[in-house]
**Q** 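Please read through the structure below; I'll follow up with questions.
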Amino acid sequence: MTASATATAEVFTVDESVLETASDQARAIRDSRPLRLITCGSVDDGKSTLIGRLLWDTKAVKEDQAATLHRDSGKQNDLGLPDFALLLDGLQAEREQGITIDVAYRYFATDRRSFIVADTPGHEQYTRNMATGASTADLAVLLIDARAGILEQTRRHATIASLMGIRQFVLAVNKIDLTNYDRAGFEQIVHDFKEFALTLGVKQITAIPMSALKGENVVYDGRANMPWYEGPTLIETLEKATTRSNQTVGFRLPVQRVSRPGESFRGYQGTVAGGSVKPGDSVVILPSGMVANVTKIVTFDLVRNAAVAGDAITLVLDRQVDVSRGDMIVAIDSQPMTGRGFDAQLVALQPEGIEPGKRYWLKSGSRRQRVSIEPVSQLDLKTSKWHSAEKLGMNGIGKVHLVFDEQAIFDTYEQNRTTGAFILIDPDTNNTVAGGMITGRRSEIGGIHKDDQRVLLSLPADLAEKIMATELFANRRQDVDVRHTSAGRAAEILADLDE
Amino acid sequence: MSDTRHEAEAKQNATSKPPLDPHLKALENEAIHIFREVAAEFERPVMLYSIGKDSSVLLHLARKAFYPGRVPFPLLHVNTGWKFAEMIAFRDKVVADYDLDLIEHINPRGAAENVTPFTHGSALYTDIMKTEALRHALDAGKFDAAFGGARRDEEASRAKERIYSFRTPDHRWDPRNQRPELWNIYNGMIRNGESVRAFPLSNWTEVDIWRYIQAEEIPIVPLYFAEKRSFVERDGMMILAEDPRLELLPGEVKQEGVIRFRTLGCFPLTGAIRSQATTLDDIIAELETATVSERQGRAIDRDQSGSMEKKKREGYF
C-alpha cells in the first residue's frame, strides 16, 4: 500500500457521509456503537442490584418481568422495588444459592447510546466467567462497598480487566447511604484505589459515590444527600465513554472461508481485524508470503470502495493465489509478526490449570494450530508481584512462552486486540482452558534473549509518574521494578554500579 | 457468474437504502462473522427456521454472509402442525424466492397419539411436538451445528447462554458448565455425536430486530401488523379464531377487534395484543412505549417456574 495515508483519508470521507445521512433523518438514531461494559467486584458489593437499578431506571424492565420478580421473590426491599438480583440471576442454581455463577448479558439504552452489560460473578471460583466478560468490554465498573473499602477480589478483578486491555474504569463506591454519605471515607477509598491503579497503568478512573439500592448517582443524581459530589452520574459517564477501536494498525483480514459459487468468482470472506483496505491496495497472504492486489470488496449491498476494522467482507484479489481458511491477508507495508515462538500472558480458566509441555490447540482469529506452553511466571495478586512458576493453577495469571510446530501469525495484544488474542483448547476435553494475549515474538535462535539485560534509570518522581501512566509502560509493568528514593541515594546506587 | 452480472446484482440489492446506523451495522457484522465461522468449522450445519421475525432476520443475515454464494446449509422447520396458516404460506414463498433448501419435520407422535395443545396441556405438548421433535430432526440429519435466532434479552436463562452453546449427544445444555467464550474466538471442537447451537443474534434486542427489518426491508409474516381479526379470550389471552380446528369452549364467544402479534408460535398458545400498529414505524413506536415484554403472550414460558431453563436443558431451543 503505497498510500496508506490516502486510504485512511478516503475511509473517513465515507464515514462522514454516513453520519451526515444519518443526522439528516428526522428520527434520532443512536450514532455510536453500543458500549460494552462489565461490572465486577467482590461478592455482596451489590453488582446485580446496580445493574437491576440501571435496567429499572432506564425502563428496560417491563411490567410482566417485574410481576414475575415480585412473584418469585415474594418480598421486596424497603423502597417497594423488587429484588433486582433475581432479574439477572436467571439460572435455577443461582436463585437457589443466591449467587451469580455465570456471566449474564443485559441490554439497555438511553436517548444517546445503547449498552451491553456483562454482569460477572464475584466468587473467586468463577473468575473464568469474569475474564469472559472482560475480554470484550470497553469499560469496567468496579464496585466497592463503601464500608469495606478495597478488597483482594477488587484488586484481582481490576488486574484481570487491565490485563485484558480495559483502560476505562468507573470506581463505583456503593452503599454510600450506609456510611451516612461520608465524604472523607469516599475520598480515602478513591485515594487507595488510584495508588493501586498506578501499578496497573490505569489512569482513566471516574470515582462515583452511589447507592444502587436507592438509585443515587446511578441514573438520577444524588445531590439531595450528597451535595459535596459534583461529578457525573454513572449513566453520564457511560454515555461519554469510548468504544475500543482496531483502526490504528495495518490492514488485517483473517480468512474465515473461501467463497467459490462459480468458476469465475473466488472471494475471501472474513471480518477486518485492523486497519482498512480499498481496491488497488497491495496485500500479502500469510504465512505463504505471496503478494497480490485487491480488485474488489464485495458485500451483499454494494461493491464498496473501502472497508474498515469490524466490517464483514468478501475480498477479491487480482491473481490466482493459494489462500485458505486460517490464512491472514495483511497490508504489505505493515505486517504482523510471524514465527514459531511467542511470549504471552495467560489467564488459566479451568481446575486443571495449564501444564508445562502439554500440547494444546490454540485458536486465534480463524486459525487453529498446535502449541506447547512453557510457563515462566505467575502473578501474585496479593502483592502484585510476579514469581517464577512451572505450572499455572486455576484462575492463575501467568507469563508463558508459546512454542509452535508451524509458523504462527500475531500482533501484540497492545497493538491489536483481535490478532493479538487467543484461546487454548485442551485436546483431551475439548474445553477452553485459557485466554491469552500476545506480548511479543521470541527470537528464532533459542537461548539468545535480552531478558536478563536491564537498564537502571534515575528520574524525578513526577516524570516517572507520567511515564508509568503511558499505555506502553502499563503493558509491560510486570517487567519493571520501581523504588522510590531520594536523589542522593539514587546517585550513590548508580555510583556503585560504575565501580 | 460473470463479474458484470455480479455488480449489477449487488447494485440491485443496494437499491436506494440509506446506510445502516453504526449500532445495527456492528450487530450485523458480528452475526455474519458467526455464520461464516460455523459454516467453516462444522461438517453439517443447519439453520432452525421458525418463520417469525427473528428467523426472518437470521435468514437475511445468512444470505448476506454467504453472498454471492447460496446459503450453504438447509433450513429446518420443526412444525407442530398448529402454526398459523399465514406462517406456512409465508415460509413456502420465502423458500421459493430465495432458492433455499427446507427440511420440515413433524413429530409422528402428534398424529399417531393425537397430541394437541388442547388435549395435552402446553407443557407436555411443547415437550413432544417441539423439544422431542427437534431432537429427532437433528439426529436424523446428523447435524453437528444448528443456528438459532434466540436473543439474550428474551429471557433470564437465555441471558446466560454462549454464542456457541455446547450440547451433549442427547442434546442437553449444562448451564453451570459452559465453556468460557472470550473475545470473538469461538471454540467449535466437539466429539462425534456432540453438537453446538449457534446464536448469531445473541446481542440483539427486540427493538434492534424491528429497526433492522425496517432498514433492510425484510419481509415478515403479516400477522405482526394490526388488522381486524376474529379471536376468543382464553386463559387471559386473545387466541386467533380463524383456524377451523379451534373449538369454542363453553362460554367462549368469537369477537372481532384490531389486533396483532408480537411473537408467533402455535396459534392456540400465542396471545395477540390490541394494537393499531399497521406499519413498521408504528410497531417501533409502540415498542418504545411498551410496558410488557414480548414473551408475555407466550403460554409455554409460564407453565412452570424457571421453565425456559428446564426446556433448554432438555434440548429445546
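In the text below, chain A, chain B and the rest are named by the order of the sequence lines, each starting its count at 1.
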**Q** Working note: B/W204 + B/R211, criterion side chain to side chain contact (heavy atoms under 4.5 Å, CB included); need CA distance, chi angles, decisive distance, verdict.
**A** CA-CA 11 Å; B/W204 296 53; B/R211 291 218 176 102; over 6 Å; no
**Q** Taking B/I185, B/L27, B/L24, B/I32 one by one, which has the highest count of heavy-atom pairs under 4.5 Å against chain A?
**A**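 When all of B/I185, B/L27, B/L24, B/I32 are compared, B/I185 has the most.
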**Q** Angle between ring planes, B/F35 versus B/F147, binned at 30° and 60°: parallel, tilted or perpendicular?
**A** tilted
**Q** Return the option, out of A/I313, A/T136, A/T314, with the maximum number of heavy-atom pairs under 4.5 Å with chain B.
**A**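 The residue among A/I313, A/T136, A/T314 with the greatest pair count is A/I313.
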**Q** With only heavy atoms counted, which part of A/S324 is less than 4.5 Å from chain B, the side chain, the backbone, both or neither?
**A**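 Looking at A/S324, nothing touches chain B.
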**Q** Please classify the contact of B/F66 with chain A as side chain, backbone, both or neither, using a heavy-atom distance under 4.5 Å.
**A** both
**Q** Do B/W183 and A/Y413 have ring centroids that are under 6.0 Å from one another?
**A**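 Centroid distance A/Y413-B/W183: below 6.0 Å, so yes.
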**Q** Can you tell which of B/M189, B/K25, B/E28 has the highest number of heavy-atom pairs within less than 4.5 Å of chain A?
**A**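 Of the candidates given, the most pairs with chain A belong to B/M189.
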**Q** For the pair B/R151 and B/D208, find out whether any cationic side-chain nitrogen is under 4.0 Å from an anionic carboxylate oxygen.
**A** no
**Q** Check for me whether B/R63 meets the cation-pi criterion with B/Y98, that is, NZ or CZ under 6.0 Å from the six-membered ring centre and within 45 degrees of the ring axis.
**A**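 The answer is yes, since B/R63 meets both limits relative to B/Y98.
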**Q** Can B/E30 and B/N184 be counted as having a side-chain donor-acceptor contact under 3.5 angstrom?
**A** no
**Q** I need the residue from A/N431, A/L349, A/V258 with the largest number of non-hydrogen atom pairs under 4.5 Å to chain B.
**A** A/N431
**Q** If I measure from the heavy atoms of chain B, does A/R368 come under 4.5 Å with its side chain, its backbone, both, or neither?
**A**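 Looking at A/R368, just its side chain touches chain B.
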**Q** List the residues meeting side-chain hydrogen bond (donor to acceptor under 3.5 Å, both in side chains) with B/E181, not counting sequence neighbours, and say none if there are none.
**A** none
**Q** Side chain, backbone, both or neither: which part of B/A31 has an atom under 4.5 Å from a heavy atom of chain A?
**A** neither
**Q** Given that the side chain runs from C-beta out, which part of A/S259 has a heavy atom under 4.5 Å from chain B: side chain, backbone, both or neither?
**A** side chain
**Q** Mind running side-chain hydrogen bond (donor to acceptor under 3.5 Å, both in side chains) on A/T432 and B/N187 for me, showing each step along the way?
**A** CA-CA 7 Å; A/T432 305; B/N187 176 356; 2.9 Å; yes
**Q** What part of B/R191 gets closer than 4.5 Å to chain A, counting heavy atoms only: side chain, backbone, both or neither?
**A** both
**Q** So what's closer than 4.5 Å to chain B heavy atoms on A/I423: side chain, backbone, both or neither?
**A**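 Both the backbone and the side chain of A/I423 come within 4.5 Å of chain B.
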**Q** In terms of heavy-atom pairs under 4.5 Å with chain A, which of B/E216, B/R179, B/E194 leads?
**A** B/R179
**Q** If I measure from the heavy atoms of chain B, does A/R36 come under 4.5 Å with its side chain, its backbone, both, or neither?
**A** side chain
**Q** Any idea which heavy atoms bring A/T299 and B/Y67 closest together, and the distance?
**A** O-CE2, 3.6 Å
